[in-house]
Amino acid sequence: MALRSITVLGATGSIGRSTAALLEGGGFAVEALVAGRDAVALAAQARALRAKLALVADEAALPALREALAGSGIEAAGGQNAVLEAAARPVDWTMAAIVGAAGLASTLAALKRGGTLALANKESLVCAGPIVLEAAAASGATLLPVDSEHNAIFQAMVGAAPDAIEKIVLTASGGPFRNASLAEMRAATPEAAVKHPVWSMGAKISVDSASMFNKGLEMIEAARLFSVTPEQIEVLVHPQSAVHGLVQYRDGSILAQLGSPDMRTPIAHALAWPARMDVAVPRLDLAALAKLEFFAPDTIRFPALRLCREALVAGGAAPCVLNAANEVAVALFLARKLGFLDIATVVEETLVELSHLPVPDLPAVLAADTAARESAMRIAARRAAA
Ligand code: NAD
Ligand code: MG
């Protein structure tokens, strides 16, 4: 039997590296590995996984990639078009793990070609949900959620009829500022914000976890993936991060998925689905944990949850504008050009300016994304000067 062919978009990131760790077990034929610009890490990964092709989105990194791959027989490429061509190469399974709306075009290219798409890149679903879902439906591609909460809910749905489901619950660790005061959050540094108490992740999603924009984006992601209304989605803070998602049924039953907070489990679930594969993650020790706590989130200290819910209800351009403004604000915060609490303020003010934009198709979505980035930059610069 031919080996399953695999492409990883965002191969050198946190999710990409966890995916590579599972692929190292063998039994797969790696077609393409895509990264932003980290040529040396990508080349090492491509050699270890015997990939056919390795490519960097940033063409300036191509010479370094060529050099690092010299003598390996692995093809090297660079540039945005090369990324789209690689994503469109026919493979059985693609991991979409580029961070941000930058992953939208390659996610769509992979979906249009069919096969199975394991989706970690939540921003593409937030910014262009209907377009992403239509692309999957048109090609017959299978879309499997990798985000741990959505993967948990997918597992807890076990083929249930949509009208059997009453609500879904997304759990949140609460992040590094779960018990911080507003004054502490106002003064928060990038180092403190990316220091997640439970999960080890890329910088952007770590800041999103600290602000709870991550959970807000995940509410929008869940509404898209599972066709539930905003009212059917609840968020609970669960500091132990053992229960990743829950589905409540009409008869009062609640099904949940539990596991160690290690992304290899949801990635492996998507890789082996509908079968299961061996994964050497630490097993959850419930007796050692002793207690599982759940709290309602504090929407005063974490306005992101309200903003994301409002954007989901408003629909249209609002989720795309919210996502783009958040990406800009997080990048400015990481560069120490914006305060932590200003992230939500910049997002809210950008939403007021641009939520009304019509987004009938992909070009309009991309235009709204660009306009929101420009507005957010302007609003942030005004705050920095104040
Ligand atoms: P990361 O920053 O660690 O990695 C991002 C990857 O994308 C890197 O390989 C980088 O080189 C590549 N990249 C960045 N910009 C690119 C561009 N313009 N073109 C091509 N490649 C580009 O991020 P991460 O934490 O692995 O997260 C990836 C995605 O998965 C995000 O959407 C995140 O929300 C989602 N996710 C992550 C986790 C996690 O545990 N890390 C959990 C759930 C969901
Ligand atoms: Mg998640």
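Note: hydrogens, waters and symmetry copies are ignored here, and every other heavy atom, side chains too, is used. In listed order, ligands and their atoms are each counted from 1. Just so it is clear, the model here is predicted, and its values are computed rather than measured.
Applying the salt bridge (Lys or Arg N to Asp or Glu O under 4.0 Å) criterion to E327, with sequence neighbours excluded, gives R373.
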Note to self: Is there a side chain to side chain contact (heavy atoms under 4.5 Å, CB included) between L49 and F28? Walk through the geometry before answering.
What the structure shows: CA-CA 9 Å; L49 295 176; F28 305 99; over 6 Å; no
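Here D147 contributes OD1 and E218 contributes OE2, and at the Mg ion (ligand 2) these two atoms make an angle of 90°, given to 10°.
Note on E149 versus K122: no salt bridge recorded, every NZ/NE/NH1/NH2 to OD/OE distance being 4.0 Å or above. With salt bridges taken as basic N to acidic carboxylate O contacts below 4.0 Å, none links R301 and E184.
Around CZ of R4, the count of heavy atoms belonging to other residues, nucleotides or ligands within 6.0 Å exceeds 12.
No side-chain donor from either of R89 and S5 sits under 3.5 Å from a side-chain acceptor of the other.
The atom name of the N/O/S atom in E149 closest to the Mg ion (ligand 2) is OE1.
The two residues I6 and V8 have their closest heavy-atom pair at CG2-CG2, 4.1 Å.
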Ligand 1 polar-atom proximity to protein (N/O, under 3.5 Å):
| from | atom 1 | to | atom 2 | distance (Å) |
| --- | --- | --- | --- | --- |
| ligand 1 | 3 (O) | S14 | N | 2.9 |
| ligand 1 | 9 (O) | G10 | O | 3.4 |
| ligand 1 | 9 (O) | T12 | N | 3.2 |
| ligand 1 | 9 (O) | T12 | OG1 | 2.7 |
| ligand 1 | 9 (O) | G13 | N | 3.0 |
| ligand 1 | 11 (O) | T12 | OG1 | 3.3 |
| ligand 1 | 11 (O) | G36 | N | 2.8 |
| ligand 1 | 11 (O) | D38 | OD1 | 3.3 |
| ligand 1 | 21 (N) | G36 | N | 3.4 |
| ligand 1 | 25 (O) | G202 | N | 2.9 |
| ligand 1 | 26 (O) | S14 | N | 3.1 |
| ligand 1 | 26 (O) | I15 | N | 2.9 |
| ligand 1 | 30 (O) | A120 | O | 3.4 |
| ligand 1 | 32 (O) | E123 | OE1 | 2.6 |
| ligand 1 | 41 (N) | S14 | OG | 3.2 |

